[in-house]
Participant: 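Quick one: this structure, given as structure tokens, is what I'll be asking you about.
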Amino acid sequence: MIHIYCGDGKGKTTASIGLAVRCGGYGKKVLFMQFLKGSYTGELEVLGKCENIKVMRCDKNYGFFRSMSDSDKENIVKCHNENLQYALDNMNEFDMIVLDEIFASYNYDLVDKASVRNIVENYGGELVMTGRNPDEWFCEKADYISEIKKIKHPYDKGIVAREGIEY
């Protein structure tokens, strides 16, 4: 089935990690692929210790889309597409594939859209996708859609992301 965690609230990645850990805990193989994320986060420590979970992401943090140079955009597209090709070539080896922050990557043309659609159309396991503003096409394909809505967030008061909570 296809799962979507979307919205402007905190917790989309957290929810997908919980689902990946649950699946991996039952001995199932999980591919956890992150887009637009390259800096260290605490969940990498835990996910890295789970033998059934393979994590893939870019090795460099390119920052927010609006601050990326043209060179950064070229490099992140190359990294994202190489990772997507791995998913396409190996998707039958995994019981679950998580595409974390795929919607922003898709909407900003930082991934090959045909490759993403190919995974959605042809993958036979549990597919989990996260991010803001999923294209309507994804919503039509989804079996689960959970919208996480921001009501209040410390960032609104100028409090920056905190280690162990937001990253």
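Computed over heavy atoms, backbone and side chain alike; hydrogens, waters and symmetry mates excluded.
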Participant: Compare every heavy atom of F94 with every heavy atom of I97, then report the nearest pair and how far apart it is.
Facilitator: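 Closest pair (atom of I97, atom of F94, distance): CG1-CB, 4.2 Å.
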Participant: I need the T130 OG1 to I17 CD1 distance, nearest 0.5 Å.
Facilitator: 9.0 Å
Participant: For G7, is there any backbone N or O sitting under 3.5 Å from a side-chain donor or acceptor partner on K12?
Facilitator: yes
Participant: What are the two closest heavy atoms between A20 and V98, and how far apart are they?
Facilitator: CB-CG2, 4.3 Å
Participant: How far does CE of M129 sit from NE2 of H3, to the nearest 0.5 angstrom?
Facilitator: 9.5 Å
Participant: To the nearest 0.5 Å, how far apart are CD1 in I76 and CZ in F65?
Facilitator: 10.0 Å
Participant: Go through the steps to decide whether E93 and K54 satisfy the test side chain to side chain contact (heavy atoms under 4.5 Å, CB included), and finish with yes or no.
Facilitator: CA-CA 11 Å; E93 296 177 23; K54 178 177 182 66; over 6 Å; no
Participant: Do V128 and V55 belong together in a cluster built from hydrophobic side chains that touch within less than 4.5 Å?
Facilitator: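 Same cluster: V128 reaches V55 through Ile, Leu, Val, Met, Phe, Trp or Tyr contacts under 4.5 Å.
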Participant: Check the pair H153, D8 against side chain to side chain contact (heavy atoms under 4.5 Å, CB included), reporting the backbone distance first and the verdict last.
Facilitator: CA-CA 10 Å; H153 194 290; D8 63 355; over 6 Å; no
Participant: Within the side chain of E166, is there an N or O that forms a donor-acceptor pair under 3.5 Å with the backbone of R162?
Facilitator: yes
Participant: Heavy atoms only: give me the nearest D95-Y123 pair and the separation to one decimal.
Facilitator: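 Nearest heavy atoms, D95 then Y123: C-OH, 2.9 Å.
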Participant: Say whether, by atom type as modelled, one donor and one acceptor occur between the side chain of H80 and the main chain of V111 under 3.5 angstrom.
Facilitator: no
Participant: Could you check whether any side-chain heavy atom of D156 comes within less than 4.5 Å of a side-chain heavy atom of K150, counting everything from C-beta outward?
Facilitator: yes
Participant: Would you confirm whether N81, through its side chain, and D112, through its main-chain N or O, come within 3.5 Å as a donor-acceptor pair?
Facilitator: yes
Participant: For a 4.5 angstrom cut-off between non-hydrogen side-chain atoms, does N90 reach L31?
Facilitator: no
Participant: Using the rule that Ile, Leu, Val, Met, Phe, Trp and Tyr join whenever any side-chain heavy atoms are under 4.5 Å apart, tell me whether F35 and L127 fall into a single cluster.
Facilitator: yes
Participant: CG of N75 to OH of Y62: how many Å apart, nearest 0.5 Å?
Facilitator: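 Interatomic distance, N75 CG to Y62 OH, rounded to 0.5 Å: 4.5 Å.
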Participant: Output the distance between atom CG (N92) and atom NZ (K29), rounded to the nearest 0.5 Å.
Facilitator: 12.0 Å
Participant: Give a yes or no on this: more than 12 heavy atoms of other residues, nucleotides or ligands lie within 6.0 Å of atom NZ of K113.
Facilitator: yes
Participant: Just wondering, more than 12 heavy atoms not from D70 lying within 6.0 Å of its CG?
Facilitator: no
Participant: Are I102 and M56 joined in one hydrophobic group, where the rule is that I, L, V, M, F, W and Y side chains link up if heavy atoms are under 4.5 Å apart?
Facilitator: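 Hydrophobic grouping puts I102 with M56.
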Participant: Can you give me the closest heavy-atom contact between M33 and N83, atom names plus distance?
Facilitator: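 Scanning both residues, the minimum pair turns out to be CE-O, 3.1 Å.
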Participant: Does any non-hydrogen side-chain atom of N133 lie less than 4.5 Å from one of F103?
Facilitator: no
Participant: Cation-pi between K10 and Y155: NZ/CZ under 6.0 Å from ring centre and within 45° of the ring axis?
Facilitator: no
Participant: Take M96 and N52 through the test side chain to side chain contact (heavy atoms under 4.5 Å, CB included) and record every step on the way to the result.
Facilitator: CA-CA 10 Å; M96 175 182 284; N52 295 335; over 6 Å; no
Participant: Can you tell me how far CG of D72 sits from CG of L110, rounded to the nearest 0.5 angstrom?
Facilitator: 10.5 Å
Participant: Looking at I4 and A142, what are the two nearest heavy atoms and their distance?
Facilitator: CD1-CB, 3.7 Å
Participant: In terms of side-chain heavy atoms, does R117 have a donor or acceptor partner in Y106 at a distance below 3.5 Å?
Facilitator: yes
Participant: Is the closest basic N to carboxylate O distance between E82 and K78 below 4.0 Å?
Facilitator: yes
Participant: So L88 and I119, do their side chains get closer than 4.5 Å, heavy atoms only?
Facilitator: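 In contact.
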Participant: Honestly curious: do Y86 and V120 fall in one hydrophobic cluster under the side-chain, below-4.5 Å linking rule?
Facilitator: yes
Participant: One thing to verify: whether E121 and K141 come together as a salt bridge, which I'm taking to mean a side-chain N less than 4.0 angstrom from a carboxylate O.
Facilitator: yes
Participant: Side-chain heavy atoms under 4.5 angstrom apart, residues restricted to Ile, Leu, Val, Met, Phe, Trp, Tyr: same cluster for M91 and V116?
Facilitator: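 They do share one cluster, since a chain of ILVMFWY contacts under 4.5 Å joins M91 to V116.
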Participant: Flag yes if more than 12 heavy atoms outside Y40 fall under 6.0 Å of its OH atom; otherwise flag no.
Facilitator: yes
Participant: Exactly one of E45, E43, K37 should register a side chain to side chain donor-acceptor pair (under 3.5 Å) with T41. Which one does?
Facilitator: E43
Participant: Could you tell me if the side chain of F138 sits less than 4.5 Å from the side chain of I2, heavy atoms only?
Facilitator: no
Participant: Please report the closest heavy-atom contact between G24 and V30, naming both atoms and the distance.
Facilitator: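 The answer is N-CG2, 3.9 Å.
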Participant: Using a 6.0 Å cut-off, check whether atom CD of E140 has over 12 heavy atoms from anything other than its own residue.
Facilitator: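 Buried by this count: over 12 neighbours within 6.0 Å.
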Participant: Y5 and T14: side chain to side chain contact (heavy atoms under 4.5 Å, CB included), yes or no, with the steps?
Facilitator: CA-CA 10 Å; Y5 294 105; T14 306; over 6 Å; no
